[in-house]
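We use all heavy atoms of the structure for the numbers below, so side chains are in, but hydrogens, waters and symmetry mates are not. FYI, the numbering just counts along the sequence from 1. We count ligands from 1, going down the list as the structure has it; atoms in each ligand are counted the same way.
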Amino acid sequence: MDKVTAMTSPRPRISKAVIPAAGLGTRFLPATKATPKEMLPVVDQPAIQYVVEEATAAGLTDVLMITGRNKRPVEDHFDRNYELEDALRRKGDSERLSRVQQSTALATIHYVRQGDPKGLGHAIQCAEPHVGDQPFAVLLGDDLIDPRDPLLTRMIEAQAEHGGSVIALMEVDPEQIHLYGAASVDPVADGVMRVTGLVEKPDPADAPSNLAIIGRYVLDPGVFEVLDRTPPGRGGEIQLTDALQTMARESAAAGPVYGVVFKGRRYDTGDRGDYLRSIVRLACERPDLGPEFRSWLRTYVSEEMPQID
Ligand code: UTP
């Protein structure tokens, strides 16, 4: 493509979302022994359904799930269940019927199996045949972003404007940075940063900043070639952060890496504490359950909790 065409032709619209859900979920054992952690209920809906809803709300209707050894419950959840639908229809329970059907109608969902969970980078490599040579989004299946704080749409817009890849960053307590990938950045414009370096789970003393990578990415397809030459890193796993670090350093390889700082509500449902917080918050806000639950919670906090302390 000549320089003028490259400058004037619009960037391809992103339509594909990849949702890795093949991790072992060891922090949540034994609940995740036979059930993927992405299927744990957040109030009354599995975590992964919120993630698919977020993808479709951002206009991504082609979803590829990376599943592992316990993939059946994920597939069944997004498939029709005629027996259950018939039973609800016979009972005249149209409200539950429509909730059951909702997960099936969300998007076209494809599956690929990651035989061995060799890390998030390896999970992304499994998506290459489906994704092809277009930029695509990655949404971690256990990371929830409140729909009122639309992060993915901002990231897709940033990618359309600047090109390259875009990662989501969030300021965390410096003592917490060892749980995340950490980024060093230079401001570019309108809340978009140029990422100059990344470190996976650094010791707080070595962290380049307290900007943590959270589970949303818009990636240039050049990431696949970089992942192919990324050796196993921390924990013996192929780390997506290591590939992004290479891309940030050698922008000729797969374009530069940008960061969008997120200040909204996010829940890491793979972490037990955050999982509990997400349920309490979302239950309090639900119109059907909220009033009764809030009233119980107030009494519990003021009367029963002091006895535990
Ligand atoms: P995590 O590191 O949170 O997942 O990966 P994990 O390994 O299951 O967690 P713990 O530490 O053992 O509890 C983030 C996301 O990437 C997926 C996970 O399913 C999760 O959605 N993942 C991770 C894969 O799909 N494959 C992998 O090999 C690793």
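Shown here is R249, whose CZ atom has more than 12 heavy atoms of other residues, nucleotides or ligands within 6.0 Å.
Applying the 4.5 Å side-chain rule to ILVMFWY residues, one finds V280, W296, L297, Y300, V301, M305, I308 in the same cluster as F293. The other residues sharing a hydrophobic cluster with L97 are L84, L88, V100, where clustering joins ILVMFWY side chains under 4.5 Å apart.
Taking the centre of each ring, F136 and F224 come in below the 6.0 Å mark.
D220 pairs by the side chain to side chain donor-acceptor pair (under 3.5 Å) definition with nothing, not counting sequence neighbours.
Around ligand 1, the residues contributing at least one heavy atom under 4.0 Å from the ligand are P20, A21, A22, G23, L24, G25, T26, R27, K37, E38, Q114, P117, K118, G119, L120, A123, L140, G141, D142.
When D149, D142, D143 are each tested for a salt bridge (charged side-chain N to carboxylate O under 4.0 Å, His left out) with R266, only one passes: D143.
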